[in-house]
Amino acid sequence: MSKKVLPSRRLSVAPMLDWTDRHYRYFARQITRNTWLYTEMVTTGALLYGDVARHLRYDEAEHPVALQLGGSEPDELARCAKLAEQWGYDEVNLNVGCPSERVQKGAFGACLMAEPALVSDCVKAMRDAVGIDVTVKHRIGIDAVEDYDYVRDFVGRVSEAGCTTFIVHARNAILKGLSPKENREIPPLKYDYVYRLKRDFPDFEILINGGVKTNDEIATHLEHVDGVMVGREAYHNPWLMADWDARFYGDAGEPATRDAVIAALLPYIEQRLAEPGAQLRHIARHILGLYQGQPGARVWRRMLSDSTLLKGADGSLLLAARDRVARD
C-alpha cells in the first residue's frame, strides 16, 4: 500500500498535557490545514492497561496528527506504536523531554537523555513494529550538562536505530528543584545548539521548539532548521496559526475566518454532546483565545467560561458569544 502523502513538519503544535486533547486539535485544524498536531503525552501503561479508545479517539479532520508516547520499555512502546498505527495516526513520537517528577518516577521523559542506548533500543523496537514515522522529542541536555556535544552525541546514538526526525526543545531539563512550568521558563534557550544539530546532521529532519511566540520568529528559525514546533502561544493565541498555511506552506486556499471556525465547531459540538458525560465546557475551555487581542475578547472569554451559562449549554452559546463580540 502506498504511503499517505502528508504535509511537511514545517509547522507543528506541541504536545501539551491537559491541553492538546482531541477537542483542541479539532479546533486548531479549523484554523490551519497543514500544521501537524500532536496529542498529549500518553503513557504506555495507559494504553496497555487502560481505556484505549478514550486515549486514542480523534476526528478524521485532525490529520496530520501524531501520537506522543511516554515510556521506556522497548516492547511496551512497540505494542503502543502498533496501536497508534492501527488507529490511523500519521506518526508516533517518543517523549524524552518531560521533566516532571511523576514522569521521572516512571523512568521516562527527560531522564532518558542520560540513556541514549536505551532510547535507541526503544526507537528500534517501535520502528520494527510499524510503518509510520517514529520521531523523538527531547531537550538539549539535563541538569548541569551544558556542552553541545551532549545533545549531538545523543542524536547520533539514537539515529543508529533509524530515527531521522528530532524535535528539540532548546532548553536543558532540570530534573530536581524545578517544576515543569519553571522548566519551560528558567533554563536559558539555546537556539544555536539546535541550529548546530542541523549543520552536523544535514540529512536529518530537525525541528526546533521552545519560547516561539511570533510568525517572524518562526520565519527566522526556518532559515536554520526544517521545522518549528509552537506550544503555549498556539494555545493561548490560536489565531497566530491563521497565517501559517499561506506564509509557511504556500497554500493558496481560502484563509480561515473566525466566523467560519465557529460555524465548523457547531456540528462537532453537537456530535460530541451526544456522547455520554460530554459537556460543552470540555470543548469551550480550549477556544477561549479565539479573539485574543481583538475587541470583544474579554466578553468571549467570560461567556465561554461562565459556569452558569455553560451548564446544560450547546453550540448556541458560541453564537451568542460571537454576537456579543460583534456588538462590543
request  = Go through Leu112 and Leu118 one step at a time and tell me if the side-chain contact (heavy atoms from CB on, under 4.5 Å) criterion holds.
outcome  = CA-CA 8 Å; Leu112 284 177; Leu118 174 57; 3.8 Å; yes
Side chain Asp59, main chain Glu62, donor-acceptor under 3.5 Å = no
request  = Give a yes or no answer on whether the side chain of Asn172 reaches the backbone of Asp143 with a donor-acceptor pair at less than 3.5 Å.
outcome  = yes
inquiry  = Do Arg272 and His282 make a side-chain contact, defined as non-hydrogen atoms from C-beta onward lying under 4.5 Å apart?
reply    = no
Electrostatic pair Glu146:Lys190 at N-O distance under 4.0 angstrom = yes
ask   = If only atom types and distance count, is the side chain of Thr32 paired as donor or acceptor with the main-chain N or O of Trp244 below 3.5 Å?
value = no
message = Atom CZ of residue position Arg298 - does it have more than 12 heavy atoms of other residues, nucleotides or ligands inside 6.0 Å?
response = no
query = How far does CG of Leu47 sit from CG of Leu67, to the nearest 0.5 angstrom?
reply = 6.5 Å
query = To the nearest 0.5 Å, what is the distance between CE (Met41) and CG (Asn93)?
reply = 11.0 Å
request  = Could you tell me whether the side chain of Arg25 and the main chain of Thr20 form a donor-acceptor pair under 3.5 Å?
outcome  = yes
query = Ion pair present between Arg9 and Glu91, side-chain N to carboxylate O less than 4.0 angstrom?
reply = yes
Flag side-chain contact, heavy atom, 4.5 Å: Leu317 against Met303 = yes
inquiry  = Looking at Arg57 and Asp51, is any side-chain nitrogen of the basic one under 4.0 Å from a carboxylate oxygen of the acidic one?
reply    = no
query = Quick check: does any side chain N or O of Arg29 sit under 3.5 Å from a backbone N or O of Ala61, one acting as donor and the other as acceptor?
reply = yes
query = Under 4.5 Å between any side-chain heavy atoms of Leu319 and Ile262, yes or no?
reply = yes
ask   = Checking side-chain contact (heavy atoms from CB on, under 4.5 Å) for the pair Val230/Val13: CA distance, chi angles, key distance, verdict?
value = CA-CA 5 Å; Val230 183; Val13 177; 5.8 Å; no
request  = Check step by step if salt bridge (Lys or Arg N to Asp or Glu O under 4.0 Å) holds for Arg285 and Asp21.
outcome  = CA-CA 11 Å; Arg285 72 185 184 96; Asp21 66 11; 3.7 Å; yes
message = Closer than 3.5 angstrom, by distance alone: can the side chain of Glu85 be matched with the main-chain N or O of Val130 as a donor-acceptor pair?
response = no
ask   = Roughly how far apart are Ser120 OG and Arg127 CZ, rounded to 0.5 Å?
value = 10.5 Å
ask   = Can you list the residues that meet the side chain to side chain donor-acceptor pair (under 3.5 Å) rule with Tyr268, with sequence neighbours excluded?
value = His23
remark   = Rounding to 0.5 Å, atoms OG1 (Thr43) and CG (Leu48) come to a distance of 8.5 Å
request  = For residues Pro202 and Arg199, report the shortest heavy-atom separation together with the two atoms involved.
outcome  = CD-O, 3.5 Å
request  = Would you please classify the geometry between the Tyr24 ring and the Phe27 ring as parallel, tilted or perpendicular, with 30° and 60° separating the classes?
outcome  = perpendicular
message = Quick one, Ile208 with Met229, criterion side-chain contact (heavy atoms from CB on, under 4.5 Å). Give me CA distance, side-chain angles, the key distance, then yes/no.
response = CA-CA 6 Å; Ile208 199 166; Met229 176 176 274; over 6 Å; no
key: Any donor-acceptor N/O pair, Tyr191 side chain to Gly210 backbone, under 3.5 Å   = yes
task = Determine whether more than 12 heavy atoms belonging to other residues, nucleotides or ligands lie under 6.0 Å from atom CD of Glu270.
result = no
inquiry  = Does this structure show an ion pair linking Arg22 with Glu275, if we count only N-O contacts that are shorter than 4.0 Å?
reply    = yes
ask   = When you look at Tyr26 and His286, which way does the side-chain hydrogen bond (donor to acceptor under 3.5 Å, both in side chains) test go after all the steps?
value = CA-CA 10 Å; Tyr26 185 88; His286 296 300; over 6 Å; no
query = Can the positive tip of Arg258 be found less than 6.0 Å from the middle of the six-membered ring of Trp239, inside 45° of the ring normal?
reply = yes
query = For the residue pair Tyr58 and His63, is the inter-centroid distance of their aromatic rings smaller than 6.0 Å?
reply = yes
task = Without swapping roles, check the side chain of Tyr38 against the backbone of Met16 for a donor-acceptor pair under 3.5 Å.
result = no
message = Could you report the tightest heavy-atom contact between Leu37 and Ala28, atom names first, then the distance?
response = CD2-CB, 4.0 Å
request  = Indicate yes or no for a side-chain donor-acceptor contact from Asn183 to the backbone of Pro99 under 3.5 Å, with no hydrogens or angles considered.
outcome  = no
inquiry  = Side chains of Ile218 and Lys213, heavy atoms from C-beta outward: is any pair under 4.5 Å?
reply    = no
query = After noting the C-alpha distance and the side-chain angles of Leu265 and Ile287, does the key distance pass the side-chain contact (heavy atoms from CB on, under 4.5 Å) rule?
reply = CA-CA 10 Å; Leu265 286 172; Ile287 63 176; 4.1 Å; yes
inquiry  = Let's go through His221 and Tyr195 carefully: what are the C-alpha distance in whole Å and the side-chain angles of both, what is the deciding distance for side-chain hydrogen bond (donor to acceptor under 3.5 Å, both in side chains) to 0.1 Å, and is it a yes or a no?
reply    = CA-CA 8 Å; His221 287 311; Tyr195 297 168; 2.7 Å; yes
task = Go through the steps for Asn237 and Gln292 under the test side-chain hydrogen bond (donor to acceptor under 3.5 Å, both in side chains), then give the verdict.
result = CA-CA 6 Å; Asn237 181 22; Gln292 178 73 17; 5.8 Å; no
task = Go through the steps for His236 and Trp19 under the test ring-ring contact (aromatic ring centres under 6.0 Å, His included), then give the verdict.
result = CA-CA 10 Å; His236 292 304; Trp19 289 8; 5.0 Å; yes
query = Atom OG1 in Thr308, atom CG in Asp306: separation rounded to 0.5 Å?
reply = 5.0 Å
note = Residues passing the side chain to side chain contact (heavy atoms under 4.5 Å, CB included) test with Asn34, sequence neighbours excluded, are Pro7, Asp245, Tyr249, Asp251
ask   = Can you tell if the side chain of Val134 reaches within under 4.5 Å of the side chain of Leu94, non-hydrogen atoms only?
value = no
message = Is it true that, when you exclude Lys82 itself, more than 12 heavy atoms of the residues, nucleotides or ligands shown sit nearer than 6.0 Å to its NZ?
response = yes
message = Within the structure provided, determine whether Ile174 and Pro187 are in side-chain contact (heavy-atom separation under 4.5 Å).
response = yes
query = Do Arg327 and Asp323 pass the salt bridge (Lys or Arg N to Asp or Glu O under 4.0 Å) test, and can you show the C-alpha distance, the side-chain angles, and the key distance before you say yes or no?
reply = CA-CA 6 Å; Arg327 291 200 301 270; Asp323 292 345; 5.6 Å; no
message = Would you say that Asp226 contacts Phe204 through its side chain, given a criterion of any heavy-atom pair below 4.5 Å between the two side chains?
response = no
Cation over ring face, Arg196 and Tyr148, 6.0 Å, 45° = yes
inquiry  = Working to the nearest 0.5 angstrom, can you tell me the gap between Ser8 OG and Glu205 CD?
reply    = 7.5 Å
ask   = Charged N to carboxylate O below 4.0 Å: is that the case for Arg152 and Asp149?
value = yes
message = A side-chain contact here means heavy atoms from C-beta on lying under 4.5 Å apart; do Phe166 and Val158 qualify?
response = yes
ask   = Would you say the side-chain atoms of Asp259 and Thr257 include a donor-acceptor pair closer than 3.5 Å?
value = no
message = Using modelled atom types and a 3.5 Å cut-off, is there a donor and acceptor pairing between side-chain atoms of Trp36 and backbone atoms of Leu11?
response = no
key: Working for side-chain hydrogen bond (donor to acceptor under 3.5 Å, both in side chains), residues Thr214 and Asp216   = CA-CA 5 Å; Thr214 71; Asp216 286 344; 5.5 Å; no
